[in-house]
Number of protein chains: 2
Amino acid sequence: MLDESGSKISPRTISRLPVYWRYLKELDDFGIERISSRELAGRIGSTPSQLRQDLNQFGHFGQHGYGYPVEELLSSISQILGLNRTRKMIIVGMGNLGMAIASYENFGRRNIKLAALFDVDPERIGTVVSDVQIQHADEMPKFLEENQIDIGCVSTPPEVAQEAVTTMEHGGVLGIWNFAPVKLQTKLPVEHLHLGDSLLELLYRIGRREDK
Amino acid sequence: MLDESGSKISPRTISRLPVYWRYLKELDDFGIERISSRELAGRIGSTPSQLRQDLNQFGHFGQHGYGYPVEELLSSISQILGLNRTRKMIIVGMGNLGMAIASYENFGRRNIKLAALFDVDPERIGTVVSDVQIQHADEMPKFLEENQIDIGCVSTPPEVAQEAVTTMEHGGVLGIWNFAPVKLQTKLPVEHLHLGDSLLELLYRIGRREDK
DNA sequence: TAGATTGTTAATCGATTAACAATC
DNA sequence: TAGATTGTTAATCGATTAACAATC
């Protein structure tokens, strides 16, 4: 069994799963068949203890005295992350950041399909990015009614982010990938990614360094 | 005193500072002069206890029975984050993501100045983005010798990210803002921001939701 | 079997929450 | 003074690290 339903997975563990997935994928691509927690943790910059503790929240993937079979573990983690099924994503807000997200080459590897792009700027509407044509945001409710969308990516200016999210929630979207620096009112799971906050954290750490 | 040197600030606190800064800035822009920990925490989605605990790692900014003076607290946090001085940034890798970062309008508010852009693609070299012309990456060592740069932003393909970072480190850059999904070998502080990892975390949470 | 490495329990460490005396 | 809200200590909770028996 991959996931003992009912058991609470620690948030820290969850945020490390994508990292494990990336490293295992790389090992698998290189044809490496087995790896120990010590070796894998070493590459990732973690500890064997933490790695085993994390994995054991989901099940028993290793073999005593041997380590972990790479391909099997990768497949297990893929399934835990939900990579075994294709998810459809739309993006609202096709400024520079929206463009960059839409052009992100690695969606395919993660089984994400770009289903639609929206903006309000007449100059942008009609433009094709990654084989998808930008539509007017007014079309979104109708589009969502006709298509089951899993992920709604928000890269609008902060002022209109909430409105976009409300529309998405009503339209049956299952989760929000938010790049706008605002707290969103929604019952959906939101994954927040804010460039400014990340940069400020770096700024702080640079400052501490200089103090010494 | 703003920062009792020697005291260790918790990493979780540090990652919340930029959020506090954003909300305080907003309050200040609205002309709000004082705020209690309860009110501010409510807006942010935190708790009064945590907010006070966080702030008290740096000093005493509040007034008993009154709350926090917004403008003063904002200015204190700005200084803690190092926003009182201008920092120069360069970007290496002017693909879609590099373009989006270079066009990010909020650098100014954070006192960040875009000093140079680098790429290796001849088609991109010479292009002007946010008033800065893209140069060939080969020019970087010379540029760094002639200019004191604080932040090196890496938005190259993963294969060449390490090389870029090594060049930056030798050139006297103080911190790395990394968008490439690789573990970097450097003694500099690195702030990592990986779109793919963030998206996978959302994917996992969507999956958990559906299970219920 | 001997060696290696897991799964898991126990010990430590750190972060959050609760409570309240101090004080504006 | 009375009311409000801080700064700070103590209690709780969660996450990481260490250790080792189980076992391939």
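Order of the sequence lines fixes the chain letters, A, B, ..., with proteins taken first and strands second; residue numbering starts at 1 for each chain.
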Should B/Q53 be listed as having a side-chain N or O under 4.0 Å from OP1 or OP2 of C/dT16?
-> no
Rounded distance (Å) that lies between atom C1' of C/dG7 and atom CG of A/D54 = 14 Å
Side-chain donor or acceptor of A/H64 under 3.5 Å from a matching atom on the base of C/dT6?
-> yes
For B/S10, answer base if it contacts any base atom (sugar-phosphate contacts may also be present), sugar-phosphate if it contacts only those atoms, and nothing otherwise; contact means non-hydrogen atoms under 4.0 Å.
-> sugar-phosphate
Between A/K88 and A/D150, does at least one N-O distance fall below 4.0 Å, as a salt bridge requires?
-> no
Report the distance from atom OH of A/Y68 to atom P of C/dA4, rounded to the nearest whole Å.
-> 18 Å
Rounded to the Å, how far apart are A/Q50 CD and C/dG14 C1'?
-> 14 Å
Toward the 5' end of DNA chain D, which comes first, A/R52 or A/Y66, by nearest nucleotide?
-> A/R52
Reading DNA chain D 5' to 3', how would its secondary structure be written in dot-bracket notation, given Watson-Crick and G-U pairs with both distances under 3.5 Å, brackets [ ] for crossing pairs and | for partners on other strands?
-> ..||||||||||||||||||||||
Expressed in angstrom and rounded to an integer, what is the separation of A/L51 atom CG from D/dA18 atom C1'?
-> 16 Å
Nearest-nucleotide check on DNA chain D, B/G65 vs A/R16; residue mapping nearer the 5' end is B/G65
Round to the nearest Å and state the distance from A/Q57 atom CD to C/dT8 atom C1'.
-> 13 Å
Give the minimum heavy-atom separation between A/A102 and A/M94, together with the two atoms involved.
-> CB-CE, 3.9 Å
D/dA4 P sits how many Å from B/R38 CZ, rounded?
-> 10 Å
Do you know which of B/I149, B/T186, B/V154, B/L188 makes side chain to side chain contact (heavy atoms under 4.5 Å, CB included) with B/M168?
-> B/V154
Over-ring placement of A/R34 relative to A/Y66, 6.0 Å and 45° cut-offs = yes
Please determine if B/R208 forms a cation-pi arrangement with B/Y204, meaning its NZ or CZ atom is less than 6.0 Å from the six-membered ring centre and no more than 45° off the ring axis.
-> yes
A/R43/A/E39 ion pair, N-O < 4.0 Å | yes
Contact class for B/T13 vs. all strands (heavy atom < 4.0 Å): base, sugar-phosphate, or nothing?
-> nothing
Carboxylate-amine/guanidinium proximity below 4.0 Å for A/K187 and A/E169 = no
Remember a base hit wins even if backbone is also touched, and classify B/R12 as base, sugar-phosphate or nothing at under 4.0 Å, heavy atoms.
-> sugar-phosphate
